Each structure stands twice: as C-alpha cells, then as structure tokens.
S.K.: 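Handing you a structure now.
Because the structure is predicted, anything quoted here is derived from the model rather than measured. Starting from 1, each residue takes its place in the sequence as its number.
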Amino acid sequence: MYKRKYKAPETKVEKKLKERAPFSITKPVGGDKNGGTRVVKVRKMPRYYPTEDVPRKRISHGNKPFSQHKRRLRASITPGTVLILLTGRHRCKRVLFLKQLDSGLLLVTGPLALNRVPLRRVHQKFIIATSTKVDLSAVKIPKHLTDSYFKKKKLRRPKHQEGEIFDTEKEKYQLTEQRKEDQKAVDSQILPIVKKTTQLRGYLRSMFCLSK
C-alpha cells in the first residue's frame, strides 16, 4: 500500500579550512634571567589614538569628480526653445533657452521686458520643454556669461560699534551695472525676433497653469 521512498547515500565533502595568520610569534631572547623566549605580536597596535573621531576620506576607485562628469542635454531642449520654469520665484513663467553652461545648467532669459525674468541659470530637472521654438541663430551671447559670472558673492556683516549694537544691518545685494548692460545687450537682440512671431509676446507673458 505504501511505498518506501528511495534515499540516496549522502556523500560527505571535506571542507578545507583556511589557515589563519598567527596573531603572535615567539622570539628567542638573550640573557640568562630573561626566560629564553618572548611572545611578540605580529601586528603592533598604534601608540597614540586620536581624541576625536574624524571620518576618513575614502578613495574612489574610478569615480570622477563632478567637474569631470559628462554634461548631457535633453533632445527636446535646443537654443530658442520656450521652457516653463517649475521652481523658484519665477515658477510657472515661460522663458527662452540660450545655451548650456559648463556646469550643465541652462542659461535662460524672459526676456526681462516681457515677463520680468532676467538672465539666470536653471537646472533642466526643473523645467518643461515646450514644442514652441524661436530661431536665435543670429543672437550673439557674450562669452563672459559663465558659471563664475552668476556665482553669488558673500555679503559682509558690519562690525559692532559702540551704541550701534541693534542698529547694524547686513549688507544688501545690489545689481551691478555690468549685469544691467548684459541684460540689455541680449534682450535687444531677442525682442525684435519675438515681435516678428505672431502671438509669441502674449505666450511668453502668460503664466503656465493646469486647468480641469
């Protein structure tokens, strides 16, 4: 009624144990009263320990720093493409893409006269590329518009003097004349092109929003 299951014979495989390196060795010691031999550690422990635990900088094998990373650009983003900003104080505004900087950030402009968006850098993660494109091949962008040009400068904090402990104010950011001139130079070339295209002025002025 019941059949016995066949049980195969078990074969035991002998595992080779790895020989561990000895922790200490015995060395002969000269002298009659020294015992003849002495146990010495193979790996000596450090004599001094740091008072604070400082994280050690790891060596990256084959990983390049961010400055040497290859910059990629979405296929839908080309010079003259109308982009929609998704973050920052100018979010939901439409801007024109000019070029990609060495850091990978995108250089865009409103222009300023249409939607109050100046020359600024934007990450391509936080934009929507539209199908609207403008021919900006004739526009000459100044070569000094680089990442260092847009880098924020540290504002000075005034030193406290007698009687002015609470009245001192932090230095405020002021727009330089160079920035104003560069904005005018770029916008003066773009505005005539925008005016030639029908309904583009109103499109750039309008805010992006989702409707039901």
Side-chain angles (χ1 to χ4, degrees), residues 1-77 85-89 91 97 99-108 119-129 143-174 176 178-179:
M1 193 170 178
Y2 297 101
K3 291 183 180 180
R4 277 189 181 181
K5 291 181 179 179
Y6 175 74
K7 196 175 182 181
E10 294 180 358
T11 55
K12 292 183 178 179
V13 180
E14 294 183 0
K15 293 182 179 179
K16 293 181 179 180
L17 298 173
K18 291 182 180 180
E19 293 183 1
R20 292 184 178 180
F23 183 73
S24 58
I25 54 174
T26 54
K27 286 186 176 182
V29 180
D32 299 333
K33 297 181 180 180
N34 291 332
T37 57
R38 185 174 294 173
V39 179
V40 181
K41 289 182 180 179
V42 175
R43 191 175 180 181
K44 291 184 178 181
M45 302 299 287
R47 293 181 68 183
Y48 303 102
Y49 293 93
T51 54
E52 296 180 1
D53 293 330
V54 181
R56 190 179 290 179
K57 196 173 183 180
R58 295 183 179 181
I59 300 169
S60 58
H61 299 283
N63 294 334
K64 294 180 181 179
F66 179 73
S67 60
Q68 295 178 13
H69 286 187
K70 191 177 180 181
R71 312 297 178 204
R72 291 183 175 87
L73 189 63
R74 270 190 260 168
S76 58
I77 304 172
L85 304 179
L86 300 177
T87 55
R89 63 176 66 187
R91 61 180 174 271
F97 169 64
K99 67 172 184 177
Q100 189 180 28
L101 302 174
D102 294 336
S103 63
L105 298 175
L106 312 180
L107 179 63
V108 298
L119 286 164
R120 61 189 293 112
R121 296 178 297 172
V122 185
H123 199 286
Q124 58 181 326
K125 279 184 180 179
F126 309 115
I127 57 102
I128 298 173
K143 292 182 179 180
H144 59 268
L145 293 179
T146 57
D147 290 299
S148 57
Y149 177 84
F150 292 98
K151 195 174 182 180
K152 287 185 178 179
K153 295 179 180 178
K154 290 184 179 180
L155 301 176
R156 293 180 181 177
R157 286 190 177 182
K159 294 181 180 180
H160 295 298
Q161 297 177 357
E162 293 182 5
E164 295 182 357
I165 298 173
F166 302 104
D167 298 336
T168 52
E169 293 183 0
K170 193 178 178 180
E171 186 183 354
K172 292 182 180 179
Y173 173 76
Q174 291 182 349
T176 58
Q178 180 69 37
R179 187 71 73 92

S.K.: Could you grab the distance from atom CG of Leu106 to atom CZ of Arg121, nearest 0.5 Å is fine?
M.R.: 11.0 Å
S.K.: Roughly how far, to the nearest 0.5 Å, is the OG1 atom of Thr37 from the CD1 atom of Ile25?
M.R.: 12.0 Å
S.K.: Going by the rule side-chain contact (heavy atoms from CB on, under 4.5 Å), which residues pair with Ser24 if we only count those two or more places apart in sequence or in a different chain?
M.R.: Val39
S.K.: Which atom names give the shortest non-hydrogen contact between Phe97 and Leu73, and what distance separates them?
M.R.: CZ-CD2, 4.2 Å
S.K.: Output the distance between atom CZ (Arg179) and atom CG (Leu145), rounded to the nearest 0.5 Å.
M.R.: 8.5 Å
S.K.: Roughly how far, to the nearest 0.5 Å, is the CD1 atom of Ile128 from the CG atom of Leu85?
M.R.: 10.0 Å
S.K.: Taking all non-hydrogen atoms of both residues into account, name the closest pair between Asp147 and Asp102 and its distance.
M.R.: OD2-N, 3.6 Å
S.K.: Shortest non-hydrogen contact from Phe150 to Leu119?
M.R.: CE2-O, 3.4 Å
S.K.: Atom CD of residue position Gln174 - does it have more than 12 heavy atoms of other residues, nucleotides or ligands inside 6.0 Å?
M.R.: no
S.K.: Can you name the closest pair of heavy atoms from Gln100 and Gln124 and give their distance?
M.R.: NE2-NE2, 4.3 Å
S.K.: Side chains of Ile127 and Ile77: does their closest heavy-atom pair fall under 4.5 Å?
M.R.: yes
S.K.: Which heavy atom of Arg38 sits nearest to which heavy atom of Val29, and what is that distance?
M.R.: CB-CG2, 3.4 Å
S.K.: How long is the gap from CZ on Arg91 to CG on Leu86, to the nearest 0.5 Å?
M.R.: 10.5 Å
S.K.: Counting only heavy atoms from other residues, nucleotides and ligands, does the tally under 6.0 Å from CZ of Arg89 exceed 12?
M.R.: no
